[in-house]
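Hydrogens, waters and symmetry mates play no part in the numbers below; they use all other heavy atoms, side chains included. Below, chains carry the letters A, B, ... as their sequence lines are ordered, and counting in each starts from 1.
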Amino acid sequence: MMAPAQQERLRGYLLGFVLALLLSLVPFACVHYQWLDRFPTMATIGICAVLQVLVHLRYFLHLRLSEAKERFWLLVFTLLLIGLMVGGSLWIMWDLTDRMMGH
Amino acid sequence: MGRGVITALFATLLTSGVVAEPSQLNLRRGVTDISAQVYDLHMTIFYICVVIGIVVFGAMLYAMVFHRKSRGVKPANFHESVRVEVAWTVVPFIILIGMAIPAASTLIDMEDASQADVTVLVTGSQWKWHYKYMDRDVEYYSVLATQPEQIANKFNKGENYLLEVDRPLVIPTDKKVRFLVTSDDVIHSWWVPDFAVKKDANPGFINEAWAKVNEPGIYRGQCAELCGKDHGFMPVVVIAKEPADYEAWITEQEGIQRKAKEEEQKLLAMNMEMDELMEVGARVYQSACAACHMPNGEGLPGVFPALKGSAIATGEMTKHIDVVVNGVSGTAMQAFGKQLSLKELAAVITYERNAWGNNTGDTVQAKDVNALMTGK
Amino acid sequence: MTGRLSWEALPTYGAIVTFAAVLVLSLIVMTVAYLTWTGKWGYLWREWLTSLSHKRIGIMYIIIAFVMMLRALLEAMLMRAQQAVALNNPGFVDAEHFHQLFSTHGTVMIFFVLMPFITGLINKVLPLQIGARDMAFPWLNAVSLWLTASGAGLVIMSLLLGRFSTGGWSGYPPYTGIDFSPGTGVDYWIWALALSSISTTLSGINFLVTITKRRCPGMGWMRLPLFVWTTACSSILIIFAFPSLSVATLLLALDRTLDMHFFTNDLGGNMMHYVNLFWLWGHPEVYILILPAFGVFSEVIATFSSKTLFGYRSLVYATVVITLLSFTVWLHHFFTMGSSASVNAFFGIMTMVIAVPTGVKIYDWIFTLYRGRIRFSVPMLYALAFIMTFVLGGVSGVLLAIPPFDYVVHNSAFLVAHFHNMLIPGTLFGMMAGYTYWFPKATGFRLDEYWGRLGFYGWLVGFYLAFMPLYLLGLMGMPRRLQQYDQPEWQPLLIVAGAGALIILLGALCQLIQLIVSIRRRRTLADRTGDPWDARTLEWTIASPPPEWNFSVIPNVDERDPFAAEKGKGHAYPLPARKDYQDIELPRNNGLPFVLGVLSFWLGFALVWHLWWLAILTLLGSAGCLARRSFQRDSEKRISAENLYQYDRKRHQQLQKLAGHHALNEGFRWENKVD
């Protein structure tokens, strides 16, 4: 028999695994079976992706905001960098849409 | 100290470039107002940098000379000074702002291609440029004029042999000419140093640039983005003519192109002889096909297929015409239907079917090509 | 069964290539023969290939870097020679081969010379500087090493079978798509990069965790040696930027092998995404490469000026600001791609702003020199040459940051001169300085000064001759990547550049001689004290080379430059009491990382040549390795406190003897002979 603490850990990992799997399958299914229109499909993919990240942080990397101040700031820093990268990319690509043929 | 000598050498190198022969070893001033602005910007910043360099290197050399161990100095123990540190953060910042303002205003000028007098669509493809005058009925390909044998050292070369094209772009002086730049296949970049214009030709995108040339003349440039084997053989030649001369030229071109189209219609009704087709075909093959399939028709193993003895060039004629006219999607084989005239297409296909021992004996006529193109 | 592999893959398309392939093959055969002849295979396996020690791993990284550098230098020489003769002349390298040359040169220099060199130095030094016994994840560290090695192996393989990419080191689609580059070249490039980028990401995580978790007591953030700071920032950049490269190359691989359309023009693809993703990694990469070098120079300049760093705090802040800003400038690599004036202006201004913190660093270093006691030893020569030359490169960088100017010289020889000016006197000189500086720490003997100086002057003079003309050529309008040209006024400058490359090659040769001479004279050059330069940080308190466990007792630090401070106070070599020693555990050697490396090499090879059965086998094998590791229980070995104590006592006695009539606890400053 497993110790209760170990069982608890296993349960955490399994839950995380199932959630991660679901969050991957849903977008694929959305695209494959064409359940929704173009925009709602893209929104679903985006939301699933963000949730996926959170699931990984919570269940696999065991990050909890309550634990330490340091971690909070690390998270803020991470968000800042990702914001720069994603925001910058969106800006650059958006700026180019006028130049695309067929627009 | 060896370094002092080297610095001096370098300084001489740079200053000799700037002072002694300004036109030779420096940025070109170019022939547009914008290119002159860029040149001035470059020189201003260069001089600012020289001053900064003298101060910084001076301090460093002083320390290197006077504070070396062999002079028996004792190291000092200071390690911070907020005032100095703030100063050398703030001062460069201000200098940079000083540089950024004129830079931004030049940039805005460069990007403002509106209200152009003439618009030319520049399309890059492996490895040539296509020019289309948007407000006139003129368009043509501009291909490296040098023959492959010349490049390979077999014939004598002329001056600018790599920068010479069969049909240069012609634009008027003193008029704002807008270039719409795009590509048919991979990324190219249309660059004319004297105009301070370099725009990437991206497939699927149309980029803009413009120039208002002050002096008539011939201006040369090259493709500036790696685009494959003949990237180095994709010159840009622009001739700037006085507006009146330009007008005369473009009207003449319109006439020629109209006549060519009429000729083509006539051509459909007649047959050309094998000899003439082979002669024209050989010429077309050298300029349009030989870059990939090689002058001897043997291609490049693994990259470009051989035509000598190939199934297509010796097989069914319509299939062969189809490949040349429409290209093969998913490969580097372009569609030549729009790049070459009917006569040229007929000639080059005939050539391919009869050269290098492919002796099929077939002659392909303009009407055969036209039949395929129009789906008849 | 054989996929795309056929007899045509053999390197018979040019005499130079065939010669190079034969050369590589014979070098491999000779190495194998030598190892067999001397019966060193067992030793190699036990002591090196299976080692998880950060010190061994560091050395192996640097060996990879030097071997690959030799190849990339020879390629550079070929290109320079070609351009020197290619006026109205096809020269001796055809266009296709020339394009392969610059593609391999760039790829190898960035991914398999500079990156391994940096990773190697960090591996070697980082734990020592923060008073740790090893990296946080030693096994992962070995995996990183062998992934890099397998990537390097793939690049070498491209010389023996098939060809390398002709798409340049940045490999823009659509040209690198399957339509326009149907051969195996781009696949070699993709999979070598993929292996290297995964390896680097793992290393970055390892370094950052080590720095946050393994600092010795008292080693607060504001007491970290600058090299550790720059490593930390570089690791942050790696962690955030490298996934972008991995994604870009893997998507390109999907386009090529599975007929997907991420970067094609049809079916909704967009090649601008590739360009954006590539440079989203590419610009931070520049700082990933330069920051550790900044760290090395900070250490070297402080040590050889016998003075604490001026403006430690501002150096740290500058490093952090650069880290942040380096994520705001990537578009300056593609100003000409069609972005509008506002976008270009924003990224141009951000790029100029990044010059400010970099300038702060330069001033801090100069003020560290000022009123110091400067010793011109080889690492210091590199540092001084760096400051001078790097400023020139920085200035050309500010020029390039201005979009109107960039429009004119982008993709010209000016650009080539600029980034070589940043990477050679910046990163490479930093690595050379670090290599010379920490060599005694790694091996127990110093490198020969005379040959080291010759090597240095070779690199310095060669650099100026090779790249200053390129600045001028770029201004004159010469595009980069030209196999042939017809402008007579370019040729003299290109000949000078060729001569410069030759001098660089001679410099590298001097360094090779230096290594051989130093090994032969290792007794005279021996570093018996562990502190050959009168240095300032923790790694110099322990023996050279350090024992397996680095520090017998984890040190306690209460200020910056702890060793210099202790020497000043006369407590340089304290001997802890017996009760302070505790048993320690170190990771046991493990062969799995090496096996993983070999498997991933063959995986890469299989993916290049479409050998699907091999790909599946190697993938299963790799998964098996990971599973096997998860079940390994007995992965640590113990070293008893008594052993550690005895070791320390013995070393202390030796030091005592060396010090003679001098006061041992003030260090060995008197022993320093370099002026």
[X] versus chain C, heavy atoms under 4.5 Å apart: side chain, backbone, both or neither?
| X | value |
| --- | --- |
| B:S35 | neither |
| B:E80 | both |
| B:D185 | both |
| B:F205 | side chain |
| B:N207 | side chain |
| B:M99 | both |
| B:L107 | both |
| B:E208 | neither |

Any heavy-atom pair between the side chains of [Y] and [X] that's under 4.5 Å?
| X | Y | answer |
| --- | --- | --- |
| B:Q126 | B:D230 | no |
| B:R220 | B:P235 | no |
| C:L392 | C:F467 | no |
| B:W191 | B:E225 | no |

Exercise for review: Quick one: pull up OG in C:S339 and CG in C:N344 and give me the separation to the nearest 0.5 Å.
Suggested key: 5.0 Å
Study note, to complete from the structure: The reported gap from CD1 in C:I402 to CD1 in B:I45 (rounded to nearest 0.5 angstrom) is 3.0 Å
Review point. Hey, is B:R29 close enough to B:D40 for a salt bridge, meaning N to O under 4.0 Å?
Key: yes
Ring centres of [X] and [Y] under 6.0 Å apart?
| X | Y | answer |
| --- | --- | --- |
| B:W88 | C:F367 | yes |
| B:Y62 | B:H67 | yes |
| C:F456 | C:F376 | no |

Which of [options] touches chain B most, by non-hydrogen pairs under 4.5 Å:
| options | answer |
| --- | --- |
| C:E8, C:H99, C:M272, C:E96 | C:H99 |
| C:V275, C:T368, C:N270, C:T389 | C:N270 |
| C:H410, C:R313, C:R4 | C:H410 |
| C:D406, C:V360, C:V395, C:L309 | C:V360 |
| C:Y172, C:Y13, C:F98, C:F414 | C:Y172 |
| C:F334, C:F310, C:F335 | C:F310 |

Which one of [options] has the most heavy-atom pairs closer than 4.5 Å to chain C?
| options | value |
| --- | --- |
| B:I206, B:V192, B:N202 | B:N202 |
| B:L41, B:D194, B:V90, B:I187 | B:I187 |
| B:R71, B:K198, B:Q37 | B:K198 |
| B:P92, B:P203, B:G204, B:G72 | B:P203 |
| B:G232, B:C227, B:A76, B:P193 | B:A76 |
| B:G53, B:A63, B:G221, B:P75 | B:P75 |

So what's closer than 4.5 Å to chain B heavy atoms on [X]: side chain, backbone, both or neither?
| X | answer |
| --- | --- |
| C:T351 | neither |
| C:P173 | backbone |
| C:V353 | both |
| C:M478 | backbone |
| C:T166 | backbone |
| C:L473 | neither |
| C:M271 | side chain |

Practice item. Please test B:W210 against B:V197 for side chain to side chain contact (heavy atoms under 4.5 Å, CB included), starting from the C-alpha separation and ending with a verdict. Key: CA-CA 7 Å; B:W210 65 273; B:V197 166; over 6 Å; no
Practice item. Determine, step by step, whether C:F347 and C:M350 satisfy the side chain to side chain contact (heavy atoms under 4.5 Å, CB included) criterion, reporting the C-alpha distance in whole Å, the side-chain angles of both residues, the deciding distance to 0.1 Å, and the verdict. Key: CA-CA 5 Å; C:F347 282 93; C:M350 291 316 281; 5.5 Å; no
Point to revise | Flag, side chain of C:Q483 to backbone of C:P90, donor-acceptor distance under 3.5 Å | key: yes
Review point. Is NZ or CZ of B:K199 both nearer than 6.0 Å to the six-membered ring centre of B:W190 and within 45° of the ring axis?
Key: no
Check your understanding: Quick one: is the NZ or CZ of C:K307 closer than 6.0 Å to the six-membered ring centre of B:F78, and within 45° of its axis?
Key -> yes
Review point. What pair of heavy atoms forms the shortest contact from C:G474 to C:A413, and how long is it?
Key: N-CB, 3.7 Å
